[in-house]
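Index from 1, following the sequence. Counting starts at 1 for both ligands and their atoms, in listed order. As a basis for the values below, the full set of heavy atoms in this structure was taken, side chains included, without hydrogen atoms, waters or symmetry mates.
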Amino acid sequence: MRMTVFGVGYLGATHAACMAELGHEVLGVDVDETKIERLRRGEVPFYEPGLPEILMQHVNSGRLRFTMDYGEAAEFADLHFIGVGTPQRKGEFAADTSYVKDVIARLSPLLSADAVVVGKSTVPVGTASSLQEIADSHAPDGVRVEVVWNPEFLREGFAVADTLTPDRIVIGLADGEGSQGFARVALEKAYAPILASNPCPVVVTDLATAELVKVAANAFLATKISFINAVSEVCEASGADVTVLADAIGMDPRIGRRFLNAGLGFGGGCLPKDIRAFMARAGELGADEAMAFLREVDSINMRRRERMVEVTVEACAGTLIGKSIAVLGAAFKPHSDDVRDSPALHVAGMLSLKGASAVVHDPQALGNARALFPTLAYADTALAACEGADVVLVATEWPEFIELDPLAVTEVARGRVLLDGRNCMPAERWRAAGWKYRALGRGAF
Ligand code: UGA
């Protein structure tokens, strides 16, 4: 099949390359010339394991191309995916849907035959039907554009696997599950290779449900993380161990152990903005009380970052002035170079503002971190960040930090205090090497 993908960031570039991997002919479209140039050369403009290989393979084979020309895209296919961003609006909780709207408003008048537009971006419920109105008013006479919603559940760091072997495929159609029209047939055909090799449930529903499935899933994940982090506060106050507790409650299959890792909490370009946009949209719909608990989910999450700073101050005998802190991690999670709303960088920034010299290292995110927080100090290796450090603070659970040799760190650091912001470090190994170990949710030193 031929298809286009509008917006080639983390979501769109992955989707485009994976669709080519499934055997389709794909044209990626974006307004960012630098991004398009790099993708045309087969370069992924961000870190995503496994993506460079399939991108290069399909750029070379010619099955995957990139353009900035909407006219070319309109001519190329009658199946168009949208994966542009829906960031949080400045000074508000609501999502900014202007990029999605722009794509529809620019593309629709250029279409010369009936087409399907498949939204993949995370949007407030009701967006798809307003996009349908834009398409109807902008498409040439006689051309029918059908807007459908097909939310994406991929995680950064596992984006290729999540796209090629999804847990489920959700398809929202204006006519609901009874529809047998062109849009449903086109999407089922597009995903047929996935369903043939790795069958997964396909949920066909109405537009509003499909839009809500995505935000509800992210809100649930955020709530699960904040739940364990709230319990973690009680563990700290009572001397209990949140990691043992999480293991024990996670053994109940109704609860499950995944997403119960206590620590610095969630960040990134999705969970924080999605819970806020969900609250904002619920409010617009008159259901604000229903989602009011998400405000608490958000504050528990932000409190963990402040608590990490407090614990660091305690470890430095009450003041950070003149202290050097090695901050290991800048990305919002391992296997990613994304620093959007990163708890690690947030903590490093707060430590620095309180007078410490925070030296940050991250295996992949140093470039993005430097661009966002140019005033922090950065080191090219974990050991270089630890040189002269009074405290070593692990803020992102990269495997190379977990595997660090405490004896090697002992040789370069000034102090012997390890603060574990992700409950990921082998505590006994560090204690055996003469280090004081402290983690969020696991009592005192
Ligand atoms: C999230 C969802 O997991 C995806 O399903 C969704 O498609 C994506 O958002 C999106 O909306 O695009 P992602 O932001 O890549 O994916 O990252 P997650 O793996 O969900 O982690 C989010 C944050 O939660 C990270 O900062 C991570 O460190 C934190 N986290 C995760 C915890 O603090 N504890 C946990 O137990 C798990």
Look at the rings of Trp398 and Tyr47 and say which category their plane angle falls in: under 30° parallel, 30 to 60° tilted, over 60° perpendicular. tilted
Basic-acidic side-chain contact under 4.0 Å: Lys120, Glu152: yes
**Prompt:** If you measure from the Lys or Arg side-chain nitrogens to the Asp or Glu carboxylate oxygens, is any gap between Glu310 and Arg307 under 4.0 Å?
**Reply:** yes
Within the 4.5 Å heavy-atom criterion, are Phe46 and Lys35 side-chain neighbours or not? no
Within 45° of the axis and under 6.0 Å from the centre of the six-membered ring of Phe66, does NZ or CZ of Arg40 qualify?
-> no
re atom 5 (O) of ligand 1, the protein heavy-atom contact at minimum distance is Phe153 O, 2.8 Å
re atom 9 (O) of ligand 1, the protein heavy-atom contact at minimum distance is Cys270 CB, 3.3 Å
- prompt: Could a heavy atom of Lys214 be found less than 4.0 Å from some atom of ligand 1?
  reply: yes
**Prompt:** Is the NZ or CZ atom of Arg2 both under 6.0 Å from the centre of the six-membered ring of Phe76 and within 45° of that ring's axis?
**Reply:** yes
Atom 30 (N) of ligand 1 has as its nearest protein heavy atom Ile225 CD1, 3.4 Å
the protein heavy atom lying closest to atom 2 (C) of ligand 1 turns out to be Asn218 OD1, 3.6 Å
Give a yes/no on ligand 1: does Arg422 have at least one heavy atom closer than 4.0 angstrom to it? yes
(Q) Is it the case that ligand 1 has an N or O less than 3.5 angstrom from some N or O of Gly267? (A) yes
- [ ] Return yes when Gly263 approaches ligand 1 closer than 4.0 angstrom through a heavy atom, no otherwise.
- [x] no
Here the atoms of ligand 1 under 4.0 Å from any heavy atom belonging to Glu156 are 15 (O)
Honestly, for Leu264 the part within reach of ligand 1 (heavy atoms, under 4.0 Å) is neither
Counting from 1 in the order shown, the ligand 1 atoms closer than 4.0 Å to a non-hydrogen atom of Glu152 are 7 (O)
field: Salt bridge flag under 4.0 Å for residues Arg38 and Asp32
entry: no
The closest protein heavy-atom partner of atom 20 (O) of ligand 1 is Phe259 CZ, 3.3 Å
Evaluate side chain to side chain donor-acceptor pair (under 3.5 Å) for Asn150 paired with Tyr191, printing each intermediate quantity in order.
CA-CA 11 Å; Asn150 169 222; Tyr191 290 135; 2.5 Å; yes
Atom 26 (O) of ligand 1: closest protein heavy atom, distance to 0.1 Å, is Phe332 O, 2.9 Å
Under 4.0 Å from one or more heavy atoms of Leu260, ligand 1 contributes atoms 36 (O)
Counting heavy atoms under 4.0 Å, the part of Asp162 that contacts ligand 1 is neither
Closest to atom 8 (C) of ligand 1 among protein heavy atoms sits Leu154 O, 3.4 Å
(message) Less than 4.0 angstrom from a charged side-chain N to a carboxylate O is my criterion; do Asp162 and Arg155 meet it?
(response) yes
Short version for Asn261: what comes under 4.0 Å of ligand 1, heavy atoms counted, is both
Practice prompt. Apply side chain to side chain donor-acceptor pair (under 3.5 Å) to His58 and Glu21, showing your working.
Written response: CA-CA 7 Å; His58 298 299; Glu21 176 75 6; 2.7 Å; yes
Pair Glu236 + Arg442: basic N to acidic O under 4.0 Å = no
One finds that the ligand 1 atoms under 4.0 Å from a non-hydrogen atom of Leu271 are 1 (C), 9 (O), 22 (C)
For atom 18 (P) of ligand 1, the closest protein heavy atom turns out to be Lys333 NZ, 3.6 Å
*asked:* Taking Lys333 first and then Glu397, would you say they form a salt bridge - that is, a charged N and a carboxylate O separated by under 4.0 Å?
replied: no
